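Right, one structure below, let's go through it.
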2 protein chains.
Amino acid sequence: MARLPVYLRCLSDLPTSQSTCSSDQLAAIAGVNPAQVRKDLSHIDARGVRGVGYDIDELRRELRHALGLIKTYGVAIIGAGHLGTALANYPGFVGWGFEVRAIFDVDPTKVGEEADGLVVEPLTDLELIVAKRSISIGIVATPSYAAQDVADRLVRSGVRSILNFAPAILRRAPGVEVRRVDLSTELQILAFHLQHA
Amino acid sequence: MARLPVYLRCLSDLPTSQSTCSSDQLAAIAGVNPAQVRKDLSHIDARGVRGVGYDIDELRRELRHALGLIKTYGVAIIGAGHLGTALANYPGFVGWGFEVRAIFDVDPTKVGEEADGLVVEPLTDLELIVAKRSISIGIVATPSYAAQDVADRLVRSGVRSILNFAPAILRRAPGVEVRRVDLSTELQILAFHLQHA
DNA sequence: TAGATTGTTAATCGATTAACAATC
DNA sequence: TAGATTGTTAATCGATTAACAATC
């Protein structure tokens, strides 16, 4: 559930002096209701101690476990433009169990270039490399018109989780989770706010 | 409201043969309930015709109007790394009334570089340029540690809408809308899905 | 008129929160 | 024991949806 990663991050914002934290504290940092926190944590079977709170280290472990951050996930980025390169380089992935194992591009002039320790590989090798390097998450950073095709190829290669940055809506295949980061929608929501405040 | 941009985009997916569309059609494309569509549209006073549907051109106009896409919004990007450069270049902004009017960086070696028609300007000039170029939306594409400071400076300069790409949670100031694009949270949600499906 | 589709009400559903007994 | 805080139930709230009269 989408609040768990937030709690996990909030644990880092706690004073290092304490080894335990209350649902109230966590709720204040996360900006949600304390009852919400307790319900979410109880849902993933993270237990606290009445009158005391939650053990921070244990809670961190339980959150990481619930989020599947014990494993390491192989990530492939498709599209080695500015965005793809930025993503390959994104510091937020490090330490959360995500490993960018490939970056692809159709453009032959880009293939072979180095992008942050990775060599850009030809899109034609997608299926092969996805299988060989156990890639389970695909990030689509191509132009809009290429996005659906790339997504289809990822799905055929066995990828079941896709993060889409192209300003295109992808057909959803059964069993495949697609999340979309849609920058113009984000800006439109901000614009809506500017008008109504 | 967050579904309006989606409807707007869906209008483009309609067959060009029709000049009118039903809430059912729109709902199918947007992946929501028809009653939802009707309620949302009625909320922004976009009226349809019983037995006929909504006039597509009129609806597009009304959606753009409700979303404030009549105006042009000045956007500043802070951070001229790969991500900032990718954003300056993002094709999804064009045609939606967003105009990137400045890109800043602290790094003196980056200042003066050209990033897609814009010259990278020194962060010290932020306040000045935000005011002079009527910038109303700020995009934070800095490293995490710099994000809060940059956001504070944007707010002091009068910016009321911030899109944050740094993996940091920003303190929220009253009247300021902050939206966060958090790539590691997105990946964590995908990882959660991989585990539970 | 018959068929289609809106606009809106009322019912449903789910998510959030208040409250409190349990208990450290 | 007194104070704090959990875990969970029940109440609340809001959002979604079904249903249907209005009407083109």
Side-chain angles (χ1 to χ4, degrees), chain A residues 1-8 10-11 13-15 17-63 65-67 172 185 189 192-193 196, chain B residues 1-8 10-11 13-15 17-63 65-67 172 177 179 185 189 192-193 196:
Chain A
M1 192 256 322
R3 270 185 307 260
L4 298 181
V6 177
Y7 298 150
L8 183 52
C10 288
L11 288 183
D13 292 348
L14 254 17
S17 53
Q18 47 184 115
S19 67
T20 216
C21 76
S22 68
S23 56
D24 262 62
Q25 258 188 313
L26 212 49
I29 302 177
V32 302
N33 184 285
Q36 185 101 267
V37 171
R38 294 200 294 278
K39 206 163 210 192
D40 290 340
L41 296 185
S42 136
H43 186 70
I44 61 165
D45 272 312
R47 303 277 135 183
V49 179
R50 286 164 206 244
V52 178
Y54 299 86
D55 182 272
I56 295 175
D57 285 342
E58 199 182 313
L59 184 53
R60 182 176 292 116
R61 239 187 331 273
E62 281 158 333
L63 282 168
H65 180 79
L67 286 165
R172 46 177 61 258
T185 300
I189 293 168
F192 186 74
H193 162 258
H196 296 81
Chain B
M1 194 248 327
R3 271 185 306 261
L4 298 182
V6 176
Y7 298 150
L8 183 51
C10 288
L11 288 182
D13 293 349
L14 253 18
S17 54
Q18 46 184 116
S19 67
T20 217
C21 75
S22 70
S23 55
D24 262 62
Q25 258 190 313
L26 211 47
I29 303 176
V32 300
N33 183 286
Q36 186 101 266
V37 171
R38 293 201 294 277
K39 207 163 208 195
D40 290 340
L41 296 185
S42 136
H43 185 70
I44 60 164
D45 272 313
R47 306 276 135 185
V49 178
R50 285 161 207 246
V52 179
Y54 298 86
D55 181 273
I56 295 176
D57 284 341
E58 198 182 316
L59 185 53
R60 181 177 290 117
R61 232 182 344 264
E62 279 158 335
L63 283 168
H65 180 78
L67 285 164
R172 48 177 60 259
E177 175 89 354
R179 292 190 65 89
T185 299
I189 294 169
F192 186 75
H193 162 256
H196 296 82

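Since we're looking at a predicted model, the values are computed, not measured. Hydrogens, waters and symmetry mates play no part in the numbers below; they use all other heavy atoms, side chains included. Letters A, B, ... mirror the listed sequences (proteins, then strands); counts begin at 1.
dT6(D) atom C1' lies 14 Å from atom CD of Glu58(A), rounded to whole Å. When the P atom of dT6(C) is taken as reference, atom CD1 of Ile56(B) falls 12 Å away, rounded to whole Å. Rounded to an integer number of Å, the gap from Ile44(A) CD1 to dT8(D) P is 14 Å. Nucleotide dT6(D) holds its P atom 14 Å from the CD atom of Glu62(A), rounded to whole Å. Rounding to whole angstrom units, CG of residue Leu41(B) and P of dT8(C) are separated by 12 Å. Taking atom CG on Leu59(A) and atom C1' on dT6(D), their separation rounds to 13 Å, with Å as the unit. If you measure from atom CG of Asp24(A) to atom P of dT6(D), you get 7 Å, rounded to the nearest angstrom.
For the OP1/OP2 pair of dT6(D) and a distance below 4.0 Å, the side-chain nitrogens and oxygens of Ser42(A) include no atom meeting the criterion. Side-chain N/O atoms of Ser23(A) include none lying less than 4.0 angstrom from OP1 or OP2 on dT5(D).
In terms of heavy atoms, Val6(B) sits closest to Ala30(B) at CG1-CB, 4.1 Å. The two residues Ile44(B) and Glu62(B) come nearest to each other via the heavy atoms CD1-O, 4.2 Å. Nearest approach of Glu58(B) to Arg47(B), heavy atoms of both residues: OE2-O, 4.4 Å. When all heavy atoms are compared, the tightest approach of Leu59(A) to Tyr54(A) is CD2-CB, 3.9 Å. Closest heavy-atom contact between Leu11(A) and Ile56(A): CD1-O, 4.1 Å.
Pairing for dC20(C) is with dG7(D), a Watson-Crick or G-U wobble pair whose two hydrogen-bonding atom distances lie under 3.5 Å. Nucleotide dT12(D) forms a Watson-Crick or G-U wobble pair with dA15(C), both donor-acceptor distances falling under 3.5 Å.
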Original post:
When you check every protein heavy atom under 4.0 Å of nucleotides 17-24 of chain D, what one-letter string (B, S, -) results, 5' to 3'?
Top reply: BBB--BBB
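Ion pairing between Asp40(A) and Arg38(A) fails under the 4.0 Å rule for side-chain N and carboxylate O.
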**OP:** For the pair Leu41(B) and Tyr7(B), evaluate side chain to side chain contact (heavy atoms under 4.5 Å, CB included) and give the outcome as yes or no after the intermediate values.
**Re:** CA-CA 9 Å; Leu41(B) 296 185; Tyr7(B) 298 150; 4.2 Å; yes
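Here the nucleotide nearest the side chain of Arg47(A), chosen from dG7(C), dT8(D), dT6(D), is dT8(D).
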